[in-house]
Amino acid sequence: MEIYVHIPFCVRKCRYCDFYSVPCGKDPAFGCPGTGSEHTLPGTGDYVNALLKELDAREDEIRGKEITSVFVGGGTPTILPVSDLEMLLMGLKDGIARRGGMLAGDAEITTECNPGTLDKEKLTLMRQLGVNRLSIGLQSADNAELKALGRIHTYEEFLKNYEEARRVGFDNINVDLMSGIPGQTAASCERTLNTVAALAPEHISVYSLILEEGTPLYDDVEAGKVRLQGEDFDRDMYKLTGQILAAHGYERYEISNYARPGRRCRHNMGYWTGEEYLGLGPAAASYLGCEKMCRYKNTADLNAYMSDPAGVRVLEETLDKEALMSEFMILRLRLTEGADRDEFKKRFGVPMDEVFGSVIKKQTGLGLLTDREHSVALTSKGFDVANSVMCEFL
Ligand code: SF4
């Protein structure tokens, strides 16, 4: 089983972001702790206590389980002051053990970080408390692009944090990048990829910008103040990304994820291979065994969560065998290995081709899938239009 912990605070909202996070300087209940510039209000400590309360309440789900991965994401987890980070990381370990779970000896423990909220003290503490992977949100090495996104940091601040993380002993680091940023060109995208790859992080994720309704960027695009490059540019950047990162020794193992050998993100691999996961915090999702498999979501409301951390979870979906078979295909096709026929048969007791034979044949005929003896996978043409291929398996 995997555990995801949501820290829903950011210094301020990035212009494109629709994740559930609170710009903490604007919420009277929560200050802007640890960023050095603003005030410190109590509140994040109370929030960590609420998370640990929710963990305690999930005893039935944790008891007897081996926890193979913990991912502290956000939001901006590293906005927490050192004392709260310490309380959280120690509390998670204690809470898992107290509720009868077992944190695997080689568990992957990741913290998401944003430059501008990191320093040597936090990095050292995380390392000492067992965090063994960092995921740093950079997005671009071009400061004008960072500004267009409304990020709070510059490339130079990222670099300082990255080098500090190496110095305190982190040997497994992911860097998040983005393509399709307003003002980005093929040349600037190439520069970012080469600059970051030259630092040799173990893992790089490259997502294309998605314009989300309700964000300031969406309004600017609607008003004609900002122009996005469009699908052709996206496709070209996707190809360019694959080529540049391959030349630097990174393997694309999932649609948007690239790793050095042996450095795939185990937590995300769990999502794509159907592992159970427990999500803690407002807006966190869980995927747990019930009479079938159940998907839950905590309400995206910080105040409601603070009043009753264990009471805001809502059942979203119960997946029966048919839904699980579709989900198996859709999630596995995200991976370059694709969907394994033997595993499908073992899991569902029926051959993959008996259920999806005609879809596989059609998509193979279109050159979007490759039909290997033991598995089915997207071709490079298929990766370009992955969403439409996956829809065929619904
Ligand atoms: S730091 Fe991440 S979660 Fe926070 S506003 Fe920016 S994109 Fe959203």
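Side chains included, hydrogens not; waters and symmetry mates left out as well; all remaining heavy atoms used. Counting convention: from 1, in listed order, for ligands and their atoms alike. Keep in mind that what you see is a predicted model, and the values were worked out from it rather than measured.
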Answer yes or no: is there an ion pair linking Glu327 with Arg295, defined by an N-O contact shorter than 4.0 Å?
-> yes
Note: ligand 1 atoms sitting under 4.0 Å from heavy atoms of Cys17 are 3 (S), 5 (S), 7 (S), 8 (Fe)
For Glu61 and Arg99, run salt bridge (Lys or Arg N to Asp or Glu O under 4.0 Å): C-alpha distance rounded to whole Å, both residues' side-chain angles, the deciding distance at 0.1 Å, then the answer.
-> CA-CA 9 Å; Glu61 288 146 15; Arg99 295 299 162 205; over 6 Å; no
Any salt bridge between Glu54 and Arg58, counting N to O under 4.0 Å?
-> yes
Among protein heavy atoms, which lies nearest atom 7 (S) of ligand 1, and at what distance?
-> Tyr16 OH, 3.4 Å
Would Cys14 count as a contact for atom 6 (Fe) of ligand 1, in the sense that one of its N, O or S atoms lies under 2.8 Å from it?
-> yes
Salt-bridge contact Arg334-Glu254 (side-chain N to carboxylate O under 4.0 Å) = yes
Heavy-atom gap Gly137 to ligand 1 smaller than 4.0 Å = no
Taking NZ, NE, NH1 and NH2 as the nitrogens, is one of them in Arg264 or Glu337 under 4.0 Å from a carboxylate oxygen of the other?
-> yes
Nearest protein heavy atom to atom 1 (S) of ligand 1, by residue and atom, and its distance?
-> Asn114 ND2, 3.2 Å
Using a strict cut-off of 4.0 Å, indicate which atoms of ligand 1 neighbour a heavy atom of Cys10.
-> 1 (S), 3 (S), 4 (Fe), 5 (S)
Salt-bridged, Arg347 to Asp340, with N to O below 4.0 Å?
-> no
Where ligand 1 meets Arg151 - atom numbers and elements under 4.0 angstrom, heavy-atom basis = 1 (S), 6 (Fe), 7 (S)
Closest non-hydrogen protein atom to atom 3 (S) of ligand 1, residue and atom name please, with distance?
-> Gly75 N, 3.3 Å
